[in-house]
Peer 1: 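Please read through the structure below; I'll follow up with questions.
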Amino acid sequence: MRLEVQCQDRQGLVRELLDLLVKRGIDLYGIEIGENYTVYLRFSSVEFDDFSGLMAEIRRTSGVSDVRRVNHMPSEQSSHALHALVNSLPYPVLCTDLKGRIELCNLPAQQLFSLGSKPVSHSLSALIPTIDPTSLQSKKTIPITLQGRDFLLEVCPLFLPDDETLQAQLTGSLVIFKPVSQAKPGPEHNDYDTEGAFNHVIAESPKMRQVIQRAKKLAMHDAPLLIIGETGTGKDIIARACHQQSPRHNHPFLALNCGSLPDDVAESELFGHAAGAYPNAVDSQKGFFEQAAGGSVFLDEIGEMSPSLQTKLLRFLNDGTFRRVGDEHEVHVDVRVICATQKNLQELVEQGAFREDLFYRLNVLSLQLPALREHPQDLMPLASYFVARFAVEQNTAVPRLSPSLSAHLARYDWPGNIRQLKNCLYAAMTQFEGDELKPQDVVLPSFTHDEELDILQLEGTLDEINGRFERSVLAKLYTSYPSTRKLAKRLGVSHTAIANKLREYGVGQKGTE
């Protein structure tokens, strides 16, 4: 709980406020003095009656003009704003103390160095051995190559005034990793910089990293792109990132869900209509393809498109021309088409529900997004990202994630994938109070034993099926045997083998007992 107390500048007033908390047995977590002698108090939760009594006593304190409950301390608000600002930058940014220990790290930096959800436990010299912390105490630019990419490290020393000497004292450094393609000025600089297009995509697992690398290559082509994946796997996010990565990124990106609109409405949205084409169509209107000229159009759930629209889309893909609804004139535009589906288009073709020639036209370049259960190493990085995002949106402090939360989330196979995980964590954050998000704070969807077995699914190779079953067993047993040694003894295998399996499936935490 937090209070803002408007006071007069009176000696001993703050002590009297603290005595009121002590008298009621309330733990003080923090105190700050703001402008115009405003005192901010952060303390443990209290019952309604005790809180009402405390507020009355504070108001009766000599020198207090007003008191009210607030959602955040000034330092918390500044911290939220700083994190939001740093995370909005497309390139990696780190903030270190005088010894080179990382105090702040944005999401692109986490992805570049594979830091996970707790980057502050690392030092910069451990990530980049060639960097001496003492070299970060003066403003400079350092060229460096990381993971095959060239960067210019812009080092900005940070200073704070000393209250006694009134001299600025060095407190740390801000290190900005600017890709060389962004940092180079002059005529040789490309008009479309694409380094940051996928920076917001969480991909710490080897499987997702391979997907992102393939997506970056496919993004640079003009041929139609088909993105395949279960519901909630982020097909729309990848589609937008592919557009931003491409030379078309300065032109529009428009999206249409083919299954959410009636056939005539969807046709008008895509191809536009002439004046008088409909009873209320007084003026002609451009469709998505014309509006997105030079850019990209994303057609989600392409498997839901009607046969008549499939025919018009096929013609457009063949020669880039179409006719507006109710118009006789041909229109030609240059647009890249990106499609997505969670259905098996090959089966729809065999059933006669999808045009075979359109399927082959769309399936030239394809990208398969894995289900979340197939890359469990990304569970906690995704959870960390969503929790931090929701905390900022709700104007609350970003909580720590309990080490046991990993095994808790791994117990469930997330048939709704990343979207379901996001919604589950959002529900948890709306009810959460405290400093650490624990397993009991995140209510997993309930399912029966039969449903749980069905979630494992018999898709893929034997190794993939065995892998899903093995991860489910380890995740469940880890809640009762929460260390690698205990779990290894329970299963009758070596400690090293279990440690490797837990790391591979993203279950549990480091450490042994």
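Just the heavy atoms: all of them, side chains too, but no hydrogens, waters or symmetry mates, feed the values below.
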Peer 1: Run the side chain to side chain contact (heavy atoms under 4.5 Å, CB included) check on Leu18 and Leu20 step by step: do they pass?
Peer 2: CA-CA 5 Å; Leu18 299 183; Leu20 294 178; over 6 Å; no
Peer 1: Hey, are Lys23 and Asp19 close enough for a salt bridge, meaning a charged N less than 4.0 Å from a carboxylate O?
Peer 2: no
Peer 1: For Lys235 and Gly229, indicate whether the former's side chain and the latter's backbone hold a donor-acceptor pair under 3.5 Å.
Peer 2: yes
Peer 1: Salt bridge between Glu16 and Arg10, side-chain N to carboxylate O under 4.0 Å?
Peer 2: yes
Peer 1: Could you pull out the closest heavy-atom pair between Ala292 and Ser296, with the gap in Å?
Peer 2: CB-O, 3.9 Å
Peer 1: Between atom CD of Glu47 and atom OG of Ser52, what is the distance when rounded to the nearest 0.5 Å?
Peer 2: 11.0 Å
Peer 1: If every non-hydrogen atom of Phe253 is compared with every non-hydrogen atom of Ala239, which pair is closest and at what distance?
Peer 2: CE1-O, 3.8 Å
Peer 1: I'd like to know if the side chain of Asn417 reaches the main chain of Ala371, judged simply by a donor and an acceptor atom lying under 3.5 Å from each other, with no hydrogens or angles considered.
Peer 2: no
Peer 1: Under the criterion side chain to side chain contact (heavy atoms under 4.5 Å, CB included), which of Leu379, Leu409, Thr233, Asp413 is the partner of Leu372?
Peer 2: Leu379
Peer 1: Would you please test Leu367 and Ile228 for side chain to side chain contact (heavy atoms under 4.5 Å, CB included) and show each step?
Peer 2: CA-CA 6 Å; Leu367 186 67; Ile228 307 165; over 6 Å; no
Peer 1: Tell me if a side-chain donor or acceptor on His243 pairs with a main-chain N or O of His251 at a distance below 3.5 Å.
Peer 2: yes
Peer 1: Spell out, as yes or no, whether a donor-acceptor pair under 3.5 Å connects the side chain of Ser205 to the backbone of Met208.
Peer 2: yes
Peer 1: For Met380, is there any backbone N or O sitting under 3.5 Å from a side-chain donor or acceptor partner on Ser384?
Peer 2: no
Peer 1: Would you call Arg42 and Asp435 a salt bridge, taking side-chain N to carboxylate O under 4.0 Å as the test?
Peer 2: yes
Peer 1: Is the closest side-chain donor-acceptor distance between Glu301 and Thr341 under 3.5 Å?
Peer 2: no
Peer 1: Do the side chain of Asn106 and the main chain of Val93 share a donor and acceptor less than 3.5 angstrom apart?
Peer 2: yes
Peer 1: Tell me the closest heavy-atom pair linking Pro157 and Val155, and the distance in Å.
Peer 2: CD-O, 3.7 Å
Peer 1: When you check the gap from the basic side-chain N to the acidic O, do Arg24 and Glu57 get nearer than 4.0 Å?
Peer 2: yes
Peer 1: Heavy-atom distance under 4.5 Å between the side chains of Asn71 and Arg2, does that happen here?
Peer 2: no
Peer 1: Passes side chain to side chain contact (heavy atoms under 4.5 Å, CB included), Leu170 versus Leu158? Steps please.
Peer 2: CA-CA 6 Å; Leu170 182 67; Leu158 303 177; 5.6 Å; no
Peer 1: Between Tyr426 and Phe390, how do the two ring planes meet: parallel, tilted or perpendicular, split at 30° and 60°?
Peer 2: perpendicular
Peer 1: Test Phe43 against Tyr29 for ring pair (Phe, Tyr, Trp, His ring centres under 6.0 Å), laying out the working first.
Peer 2: CA-CA 5 Å; Phe43 49 87; Tyr29 293 157; 8.3 Å; no
Peer 1: In plain terms, say whether Glu230 and Arg373 are close enough for a salt bridge, that is, a side-chain N and a carboxylate O under 4.0 Å apart.
Peer 2: yes
Peer 1: Might you point out which heavy atoms bring Ala383 and Leu425 nearest each other, and give the distance in Å?
Peer 2: CA-CD1, 3.5 Å
Peer 1: Within the side chain of Ser246, is there an N or O that forms a donor-acceptor pair under 3.5 Å with the backbone of Arg248?
Peer 2: yes
Peer 1: Contact between Asp300 and Leu256 at the side-chain level, heavy atoms closer than 4.5 Å - yes or no?
Peer 2: no
Peer 1: How many angstroms lie between CD in Glu103 and CG in Leu174, if you round to the nearest 0.5 Å?
Peer 2: 11.5 Å
Peer 1: If you apply the rule side chain to side chain contact (heavy atoms under 4.5 Å, CB included), what do you find for Leu437 with Phe432, and how did you get there?
Peer 2: CA-CA 8 Å; Leu437 192 68; Phe432 174 74; 3.6 Å; yes
Peer 1: Is the CD atom of Glu436 crowded by more than 12 outside heavy atoms at less than 6.0 Å?
Peer 2: yes
Peer 1: Could you label the plane-to-plane angle of the Trp414 and Tyr412 rings as parallel, tilted or perpendicular, counting under 30° as parallel and over 60° as perpendicular?
Peer 2: perpendicular
Peer 1: Any side-chain donor paired with an acceptor under 3.5 Å for Thr96 and Arg101?
Peer 2: no
Peer 1: Keeping the roles fixed (side chain from His408, backbone from Pro439), state whether a donor-acceptor pair exists under 3.5 Å.
Peer 2: yes
Peer 1: Arg69 vs Glu4, test: salt bridge (Lys or Arg N to Asp or Glu O under 4.0 Å). Steps then yes/no.
Peer 2: CA-CA 6 Å; Arg69 186 172 179 178; Glu4 177 188 272; over 6 Å; no
Peer 1: Is the closest side-chain donor-acceptor distance between Gln6 and Thr38 under 3.5 Å?
Peer 2: yes
Peer 1: Measure from the side-chain N and O atoms of Gln245 to the backbone N and O of Phe198, and report whether any donor-acceptor pair falls under 3.5 Å.
Peer 2: no
Peer 1: Less than 4.5 Å apart, side chain to side chain, heavy atoms only: is that true for Leu54 and Val46?
Peer 2: no
Peer 1: Between the main-chain N or O of Pro403 and the side-chain N or O of Ser406, is there a donor-acceptor pair closer than 3.5 Å?
Peer 2: no
Peer 1: Does some side-chain heavy atom of Asp441 sit less than 4.5 Å from a side-chain heavy atom of Gln431?
Peer 2: no
